[in-house]
There are 2 protein chains.
Amino acid sequence: MNDSGLVRRQSGVALWRQIADRIRAAIADGSYDETGMVPPETVLAADFGVNRHTVRAALSALTQEGMLRPVQGVGTLILRRERLNFPISRRTRFTEGIGTQARELSGHVLDHAEEPASAVVAAALDVAPGTPVLRIESLRMADARAVSRSTAWYPLPRFRGIADVYARTGSVTAALKDFAVEDYVRVKTEISAVHAEPGDLSDLGLAPGAIVLVTAALNADPHGLPIQYAVSRFPADRVQFTVEG
Amino acid sequence: MNDSGLVRRQSGVALWRQIADRIRAAIADGSYDETGMVPPETVLAADFGVNRHTVRAALSALTQEGMLRPVQGVGTLILRRERLNFPISRRTRFTEGIGTQARELSGHVLDHAEEPASAVVAAALDVAPGTPVLRIESLRMADARAVSRSTAWYPLPRFRGIADVYARTGSVTAALKDFAVEDYVRVKTEISAVHAEPGDLSDLGLAPGAIVLVTAALNADPHGLPIQYAVSRFPADRVQFTVEG
DNA sequence: TGAGATTTGTCCGTATGTATG
DNA sequence: CCATACATACGGACAAATCTC
């Protein structure tokens, strides 16, 4: 199922990395589920039309990522990792959304500060540009792996101090409840994908060339007042979204 | 606005390609809108911490993509910076969705055939695995650039012959209307992102390492009967999605 | 008109990374 | 492990086009 594809040279992406990306994708869509192993290096080399050394470099990178374990005399075992599914709907909640897909979920506040609203943030929160807003940087983990890195903006003075509550509870929903927001709805979500930037490499533990899914989301209270605008970055090899109509 | 990021070496992704990706992203988010030009090569080289030749290789790639036009003695002009926005909602329609964002829209049938339903397709269309279904491969263009490559499955015998109507009209909605489907709704959309595969390079005109947004969508008629299951691939540098709550 | 500054275009050589056999 | 070929990245120097004063 991984045939029909010569790999492209002189493209600025090393052959071993192109091959690593394709093997990762093949593992994700279950192509090797029957054996639980990657095909032998010589077979892969023939399939991709490259030298065995090049395949070895690709497998070595995937082994480094913790996705494979080579066993001499046996083959290269696949250590399966499922992709977390993150539902997006009018009632999007991070913790409920991931639900039972991970044993351990947590949210961490990395930093927070009050600052004047940029044009984009001001438009989203429906305030004048330059109005003070609260910015919170956070990291979400599932089973000890980073699944999102967010920057969220909240209007002031309504939510002054919410960062402390979030830091204590690890939940946005709980923190909002503390500020008398019993319910809220997801008004709009923009989804795009870009290559990992230097910040993603450290925050999300990614390699250069990796893919980051980016969402820009607006949440509002039941009266329609914007309460949060957030830009979040997700590692595409660990997360997907589902939009339920 | 493009600072704070040295670029990573020996990662299997050439520096010039990493830099090309970041400049493309900076163009897309409007960082250079004031001048309509990319900063001078020497400035970019200093920002990224690389030699000017390396920046030139990146700019050369973007010029090849039709995104830039260098002018000796003046600078490097930005030709194109729009990303098509594709709204996803209960009433998702491709043509209406793209709407006025492009002057010319078209859909082309590349291939179609009847085949037994795979496990995934059968589950989506709510038929028994192996039941014959109609598969249609299509390509959608906006202003002479490919914006999606889709594989869609339709239940049989209900939609036998719909490929011809789609090929003639270039519109799924029109073709469905021909089969007495006056209205339909988007039940579910899964969104993920992967690296471009060999097929994407030719179909969507992408370079290796490029990002492809993948959607798996189920449409149903007003009675809730599944009428179409489609897996579509979009070039992430030209397309983004918006989910409206 | 012209001199100087700025910016892209092209050449040289050299060291390292990638890919093959 | 080796040897070989090509791509990538760097450093420097200069030419050509454009703008400003």
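So you know, we letter chains A, B, ... as the sequences are listed, proteins then strands, and number each from 1.
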Ranking dT20(C), dT8(C), dC10(D) by distance to the side chain of Leu15(A), first place goes to dT20(C)
Under a 4.0 Å N-O cut-off, is there an ion pair linking Arg149(B) with Glu137(B)?
yes
Taking only side-chain nitrogens and oxygens of Thr76(B), does any of them come within less than 4.0 Å of OP1 or OP2 of dT8(C)? yes
When rounded to whole Å, the CG to P distance for the pair Leu59(B) and dG9(C) reads 9 Å
With the side chain defined as heavy atoms from C-beta on, Arg56(B) is closest, among dT10(C), dT20(C), dA9(D), to dT10(C)
field: Electrostatic pair Arg22(A):Glu197(B) at N-O distance under 4.0 angstrom
entry: no
Trp16(B) CH2 to dG17(C) P, in whole Å, measures 19 Å
So, do Ile191(A) and Thr242(B) sit near enough that their side-chain heavy atoms are less than 4.5 Å apart?
no
Aromatic ring proximity Phe241(B)/Phe241(A), centre distance under 6.0 Å
no
Output one line per pair: protein atom, nucleotide atom from nucleotides 17-21 of chain D, and distance, for all N/O pairs under 3.5 Å.
{"residue": "dA17(D)", "atom": "O4'", "partner": "Gln72(B)", "partner atom": "OE1", "Å": "2.7"}

Does the ring centre of Tyr229(A) sit less than 6.0 Å away from the ring centre of Tyr154(A)?
no
Report task. Report yes if a side-chain nitrogen or oxygen of Asn51(B) is closer than 4.0 Å to either non-bridging phosphate oxygen (OP1 or OP2) of dA9(D); otherwise report no. Result -> no
One should read off an interatomic distance between Leu139(B) CG and Asp111(B) CG, to the nearest 0.5 angstrom, of 13.0 Å
Rounded to whole Å, CZ of Arg69(B) lies from P of dT7(C) at a distance of 19 Å
Report, one line per pair, each donor and acceptor closer than 3.5 Å where one atom sits in a side chain of residues 69-79 of chain B; sequence neighbours left out.
none

Exercise. Looking only at N and O atoms, is any donor in the side chain of His53(B) or the base of dG12(D) less than 3.5 Å from an acceptor on the other one?
Worked result: yes
Rounded to whole Å, the CD-C1' distance (Glu41(A) to dT20(C)) equals 16 Å
Separation of dA9(D) atom C1' from Phe48(B) atom CZ, nearest Å, is 16 Å
Is there a donor N/O on one and an acceptor N/O on the other, under 3.5 Å, for the side chain of Arg52(B) and the base of dG12(D)? no
